[in-house]
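Here's the structure, in structure tokens; my notes come after.
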Amino acid sequence: MNSTRNIISLVRRYSTSRSVKIASHGSPSTALKIENENITDKISNKDVLVEMLHAPINPADLNIIQGTYGTNVQVGGVAGMEGVGVVKKVGSGVTGLKENDLVVPSMKQHFGSWRSKGVWSEQQLFKVPSDIPTEYLSSISINPTTAYLLLTDFVKLQQGDVIIQNASNSMVGLSVIQIAKSRGIKTINVIRNGPEFEDNVQRLKQLGGDIVVSEEYVRSPAFRKLISDLPSPKLALNAVGGQSATELSRILADNGTLVTYGGMSREPVTIPTSQLIFRNIQIRGFWLNKWFEQHSDSEKQSVYDAIFDLIRKKQFKLMIEKHKFSEFDQALLKSQEPGHGRKIVLDLQL
């Protein structure tokens with residue numbers, strides 16, 4: 001009888017969580033392992049038990065697994081930078097959260113979101129509203145937030161101003177288009193030529209992109225003629241590097257600003273000396289992790305609220321493709337397909 005009681009007690013105190021762990025740094029297809037682990041519901045004073053609902057697979061997640069990102073996650077750690085979950089239990093000392101609240105990572109440190117359940121401190125979590133789709137909440141912290149800050153933190157843009165960006169069909173690029181459109185800012189969008197080019201042009205224009213052209217077309221006299229009626233861009237957003245970044249700098253207005261937030265080509269950003277001396281082009285860099293480290297929760301709340309407001313007004317949408325957590329390997333492969341055009345989001349309870 002006592003042994004039966006003990007077994008029941010253990011069942012009540014522990015539940016199983018599935019997680020994706022970094023077994024080594026290298027190719028995501030071989031460096032990850034899926035494990036089941038016991039999660040206790042006897043949490044400490046300041047801790048919170050969270051059932052994870054959704055988490056995206058971001059390029060930065062893959063870089064972390066490869067060991068090429070700006071911060072490292074130790075071998076054995078759970079992968080995944082962002083996601084959304086529901087609070088199932090709070091410790092007696094937790095004051096800002098309660099059961100059934102929806103939460104996302106605070107983004108102050110690596111979170112480990114690719115799991116079905118976990119225990120975190122209250123400081124690692126950030127409460128979000130329940131009227132936004134959970135798939136969107138899972139993906140709000142990185143791409144849309146980056147896009148919003150790129151448009152607000154470097155140049156004071158006003159209605160009628162023009163920006164130019166490369167990698168425009170990335171999730172950040174799509175977010176930039178929609179946020180800019182909501183503010184009356186025109187966008188010149190540069191994308192790679194390829195089999196999906198025409199489909200991407202159509203999609204970007206449907207979301208509000210004003211001009212969509214290929215990398216090759218940007219270097220042609222015809223492009224200069226195409227944009228001749230527009231004000232010169234005050235801001236250029238670079239996620240590619242190499243020749244693409246050089247061309248963006250040449251199109252900028254005098255005293256314009258080029259912000260680099262990615263390096264997909266793995267080639268250095270090369271700006272002609274003449275652009276710096278005679279045209280006073282400003283070169284800046286942006287890393288979201290650093291922004292989260294240096295800004296308060298209230299500043300983060302302000303950014304999130306602005307994005308939530310656009311979602312409520314149906315002025316912002318995310319291109320999402322959901323995959324069951326039980327089919328993780330397939331989802332991982334899909335996330336690495338070039339030109340896929342949709343954010344892969346894991347349903348962590350399936």
Item to check | Minimum heavy-atom distance Leu53-Leu102, with the two atoms named | outcome: CD1-CD2, 4.0 Å
Item to check | Ser106 side-chain N/O to Gln123 backbone N/O, donor-acceptor pair under 3.5 Å | outcome: yes
Checklist entry - With no hydrogens and no angle check, do the side chains of Gln282 and Asn255 hold a donor and an acceptor under 3.5 Å apart? => result no
Checklist entry - What do the steps show when you test Ser296 against Glu299 for side-chain hydrogen bond (donor to acceptor under 3.5 Å, both in side chains), and what is the final call? => result CA-CA 5 Å; Ser296 67; Glu299 290 171 302; 3.2 Å; yes
Checklist outcome for this item: One should read off an interatomic distance between Ser92 OG and Ile43 CD1, to the nearest 0.5 angstrom, of 9.0 Å
Checklist entry - Do any pairs count as a ring pair (Phe, Tyr, Trp, His ring centres under 6.0 Å) and have a residue in residues 84-112, sequence neighbours left out, and if so which ones? => result Phe111-Trp120
Checklist entry - Does anything in residues 74-91 pair up under side-chain hydrogen bond (donor to acceptor under 3.5 Å, both in side chains), and if so which pairs, sequence neighbours excluded? => result Asn58-Glu82
Item to check | Check: Leu32 and Leu332 side chains under 4.5 Å, non-hydrogen atoms | outcome: yes
Checklist entry - What do the steps show when you test Phe197 against Asn169 for side-chain contact (heavy atoms from CB on, under 4.5 Å), and what is the final call? => result CA-CA 10 Å; Phe197 179 77; Asn169 57 326; over 6 Å; no
Next on the checklist: Hydrophobic clustering (ILVMFWY, side-chain heavy atoms < 4.5 Å, transitive) - are Leu174 and Tyr136 grouped together?
Outcome noted: no
Item to check | Distance in Å, Leu318 CG paired with Arg342 CZ, rounded so as to fall on 0.5 Å steps | outcome: 10.5 Å
Next on the checklist: Are Val78 and Val50 connected into the same hydrophobic cluster when the rule is that any two of I, L, V, M, F, W, Y join if their side-chain heavy atoms are below 4.5 Å apart?
Outcome noted: no
Checklist entry - Is there side-chain contact between Met264 and Arg192, with heavy atoms separated by less than 4.5 Å? => result no
Checklist entry - Can you tell me if Asp347 uses its side chain to pair, donor with acceptor, with the backbone of Lys324 under 3.5 Å? => result no
Checklist entry - Given the rule that I, L, V, M, F, W and Y join up when any side-chain heavy atoms are under 4.5 Å apart, are Val84 and Val303 in one cluster? => result yes
Checklist entry - Phe286 and Ile140: same hydrophobic cluster, using ILVMFWY side-chain contacts below 4.5 Å? => result yes
Checklist entry - Can you name the closest pair of heavy atoms from Ser141 and Tyr304 and give their distance? => result OG-OH, 3.2 Å
Checklist entry - After noting the C-alpha distance and the side-chain angles of Asp297 and Lys300, does the key distance pass the salt bridge (Lys or Arg N to Asp or Glu O under 4.0 Å) rule? => result CA-CA 5 Å; Asp297 282 349; Lys300 177 169 57 180; 3.6 Å; yes
Item to check | Identified side chain to side chain contact (heavy atoms under 4.5 Å, CB included) counterpart of Ser116 within the set Met52, Gln349, Glu37, Glu51 | outcome: Gln349
Checklist entry - Applying the side-chain hydrogen bond (donor to acceptor under 3.5 Å, both in side chains) test to Asn200, which of Glu196, Arg203, Gln202 qualifies? => result Arg203
Checklist entry - Taking all non-hydrogen atoms of both residues, which atom of Pro59 and which atom of Lys343 are closest, and how far apart? => result CD-NZ, 4.2 Å
Item to check | Under 3.5 Å donor-acceptor, Ser168 side chain and Ile191 backbone | outcome: no
Next on the checklist: Side chains of Val48 and Val119, heavy atoms from C-beta outward: is any pair under 4.5 Å?
Outcome noted: no
Checklist entry - Any donor and acceptor pair, going by atom type alone, linking the side chain of Thr246 with main-chain N or O of Gly242 inside 3.5 Å? => result yes
Item to check | Steps toward side-chain contact (heavy atoms from CB on, under 4.5 Å) verdict (Leu310, Gln178) | outcome: CA-CA 9 Å; Leu310 291 177; Gln178 296 175 85; over 6 Å; no
Checklist outcome for this item: dist Arg115:CZ -> Leu348:CG (nearest 0.5 Å) comes out at 10.5 Å
Item to check | Backbone of Ala239 reached by a side-chain donor or acceptor of Asn166 within 3.5 Å | outcome: yes
Item to check | 4.5 Å side-chain heavy-atom contact, Asn189 and Gln165 | outcome: yes
Checklist entry - Under 4.0 Å between a Lys/Arg side-chain N and an Asp/Glu carboxylate O for Asp101 and Lys98? => result yes
Checklist entry - Checking side-chain contact (heavy atoms from CB on, under 4.5 Å) for the pair Lys127/Val87: CA distance, chi angles, key distance, verdict? => result CA-CA 10 Å; Lys127 183 178 176 181; Val87 173; over 6 Å; no
Item to check | Side chain Asp61, main chain Met81, donor-acceptor under 3.5 Å | outcome: yes
Checklist entry - Where do Pro105 and Gly83 come nearest, in terms of heavy atoms and distance? => result CD-O, 3.2 Å
Item to check | Student check: side-chain heavy atoms of Asn238 and Val240 closer than 4.5 Å | outcome: yes
Checklist entry - OG of Ser19 to CG of Asn36: how many Å apart, nearest 0.5 Å? => result 7.5 Å
Checklist entry - Nearest heavy-atom pair of Pro28 and Gln336: which atoms, and what distance? => result CG-OE1, 4.2 Å
Checklist entry - Do the charged groups of Arg279 and Asp254 touch, with an N to O distance under 4.0 Å? => result yes
Next on the checklist: Please check: side-chain N/O of Gln124 versus main-chain N/O of Ser121, any donor-acceptor pairing under 3.5 Å?
Outcome noted: yes
Item to check | Which atom of Ser17 lies closest to which atom of Ile39, heavy atoms considered | outcome: CB-CG1, 3.4 Å
Next on the checklist: Under the criterion side-chain contact (heavy atoms from CB on, under 4.5 Å), I'd like the reasoning laid out for Ile64 against His25: C-alpha separation, chi angles, the key distance, then a yes or no.
Outcome noted: CA-CA 8 Å; Ile64 286 173; His25 289 123; 5.7 Å; no
Checklist entry - Would a distance-only check, ignoring hydrogens and angles, find a side-chain to backbone donor-acceptor pair under 3.5 Å from Gln315 to Ile179? => result no
Next on the checklist: Nearest 0.5 Å, please: how far is CZ in Arg18 from NZ in Lys117?
Outcome noted: 13.5 Å
Checklist entry - Going by atom types alone, do Gln159 and Asp161 pair a side-chain donor with an acceptor below 3.5 Å? => result no
Checklist outcome for this item: Going by chain and number, the hydrophobic cluster around Leu252 (ILVMFWY, side chain to side chain under 4.5 Å) further includes Val162, Ile164, Ile188, Val190, Ile211, Val213, Tyr217, Val218, Phe223, Leu226, Ile227, Leu230, Leu248, Ile251, Leu258, Val269, Ile271, Leu276, Ile281, Ile283
Checklist entry - Does His54 offer a backbone N or O that forms a donor-acceptor pair with the side chain of Glu135 under 3.5 Å? => result no
Next on the checklist: With a 4.5 Å cut-off on side-chain heavy-atom distances among I, L, V, M, F, W and Y, is there a chain of contacts connecting Val345 to Met171?
Outcome noted: no
Next on the checklist: With rounding to the nearest 0.5 angstrom, report the CZ to CZ distance, Arg250 to Arg224.
Outcome noted: 8.5 Å
Checklist entry - Is the backbone N or O of Pro56 less than 3.5 Å from a side-chain atom of Trp114, with the two atoms forming a donor-acceptor pair by type? => result yes
